[in-house]
Amino acid sequence: DVQLVESGGGLVQAGGSLRLSCSVSGFTVDDWNIGWFRQAPGKEREGVACIFRRGATTNYADSVKGRFTISIDSARNTVALQMNSLKPEDTAVYYCATRMPRHSITDTCFVGMDYWGRGTLVTVSS
């Protein structure tokens with residue numbers, strides 16, 4: 001079965017850093033689209049970072065560009081989200097998600113995720 005488990009969430013002060021990890025089973029991280037999403041209470045879920053094409057392509061939400069970095073660790077079969085310069089508005093439950101890539105040059109990384117982890121809470125204090 002395809003399973004994803006997030007870890008690394010916690011409480012951090014504004015300006016600090018956290019590193020989230022998504023441990024996956026049932027597929028090889030190099031071969032699938034994998035994204036990090038977040039959802040704050042009362043708000044819609046949004047994609048924050050995504051990686052595909054064997055790690056060659058990454059996409060980021062405008063709100064996190066320059067602060068967050070998504071990366072693959074092929075040896076561990078994990079996907080990390082390094083979060084720097086954290087802001088209170090980054091507070092949310094963070095989820096990793098995945099799907100098989102589509103055979104199209106226009107494939108968009110964030111769209112149509114099929115499998116989701118249960119999430120890890122990130123709280124950024126002011």
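When reading the values below, keep in mind they use all heavy atoms of this one structure, side chains included, and skip hydrogens, waters and symmetry mates.
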> Is there a path of hydrophobic side-chain contacts, each under 4.5 Å between heavy atoms of I, L, V, M, F, W or Y residues, that connects Y60 with Y95?
Replying inline: no
> Quick one: CZ on R67 to CD on Q82, what's the gap to the nearest 0.5 Å?
Replying inline: 12.0 Å
> Looking at P88 and A14, what are the two nearest heavy atoms and their distance?
Replying inline: CD-CB, 4.1 Å
> Between S85 and S17, which heavy-atom pair has the shortest distance, and what is it?
Replying inline: N-OG, 4.3 Å
> How long is the gap from OG1 on T69 to CG on N84, to the nearest 0.5 Å?
Replying inline: 6.5 Å
> Linking I/L/V/M/F/W/Y whenever any side-chain heavy atoms sit under 4.5 Å apart, do V12 and V64 land together?
Replying inline: yes
> Which distance, rounded to the nearest 0.5 Å, do you find between the CD of Q13 and the OG1 of T123?
Replying inline: 13.0 Å
> Going through the checks in order, is the salt bridge (charged side-chain N to carboxylate O under 4.0 Å, His left out) test met by D90 and K87?
Replying inline: CA-CA 5 Å; D90 295 319; K87 305 174 181 179; over 6 Å; no
>> According to side chain to side chain donor-acceptor pair (under 3.5 Å), who are the partners of R45, at least two apart in sequence or on a separate chain?
In response: none
>> Checking V122 against L20 for the side-chain contact (heavy atoms from CB on, under 4.5 Å) test, could you report, in this order, the C-alpha distance in whole Å, the side-chain angles of both residues, the deciding distance, and whether it holds?
In response: CA-CA 9 Å; V122 172; L20 307 183; 4.0 Å; yes
>> Tell me which one of N77, T78, T98, I51 satisfies side-chain contact (heavy atoms from CB on, under 4.5 Å) with V29.
In response: N77
> Atom CZ of R38 and atom CE of M83: how far apart are they, to the nearest 0.5 Å?
Replying inline: 9.0 Å
>> If I take atom CG from residue L18 and atom CZ from residue F68, how far apart are they, to the nearest 0.5 angstrom?
In response: 9.0 Å
> Less than 4.5 Å apart, any side-chain heavy atom of I34 and any of F52?
Replying inline: no
>> With a 4.5 Å cut-off on side-chain heavy atoms, are R19 and S71 touching?
In response: yes
> Is a side-chain N or O of T120 found less than 3.5 angstrom from the main chain of G9, in a donor-acceptor match?
Replying inline: yes
> Rounded to the nearest 0.5 Å, how far apart are CD of E6 and SG of C22?
Replying inline: 5.5 Å
> So, the side chain of Y94 versus the backbone of L81: is there a donor-acceptor pair under 3.5 Å, distance only?
Replying inline: no
Name the atoms and distances for all side-chain donor-acceptor pairs under 3.5 Å in residues 103-111, with sequence neighbours left out.
unit_1, atom_1, unit_2, atom_2, d
S104, OG, T106, N, 3.2
S104, OG, T106, OG1, 2.8
D107, OD1, R99, NH1, 3.4
D107, OD1, R99, NH2, 2.7
D107, OD2, R102, N, 3.1
T108, OG1, T106, O, 3.4

> Under a 4.5 Å side-chain heavy-atom rule over Ile, Leu, Val, Met, Phe, Trp and Tyr, are V79 and Y115 clustered together?
Replying inline: yes
>> Starting from M100, can I reach F27 by hopping between I/L/V/M/F/W/Y residues whose side chains sit under 4.5 Å apart?
In response: yes
>> So which atom in V2 and which in W32 form the shortest heavy-atom distance, rounded to 0.1 Å?
In response: CG2-CH2, 4.0 Å
> So F37 and M113, side-chain contact (heavy atoms from CB on, under 4.5 Å) or not? Walk me through it.
Replying inline: CA-CA 10 Å; F37 297 74; M113 296 298 187; 3.8 Å; yes
> Between the main-chain N or O of E46 and the side-chain N or O of Q39, is there a donor-acceptor pair closer than 3.5 Å?
Replying inline: no
> Mind checking what makes side chain to side chain donor-acceptor pair (under 3.5 Å) contact with S74, not counting sequence neighbours?
Replying inline: D30
>> Run the side-chain contact (heavy atoms from CB on, under 4.5 Å) test on D31 and R54 for me, step by step, so that the C-alpha distance in whole Å, both residues' side-chain angles and the decisive distance to 0.1 Å come before the verdict.
In response: CA-CA 6 Å; D31 295 339; R54 292 187 171 272; 2.9 Å; yes
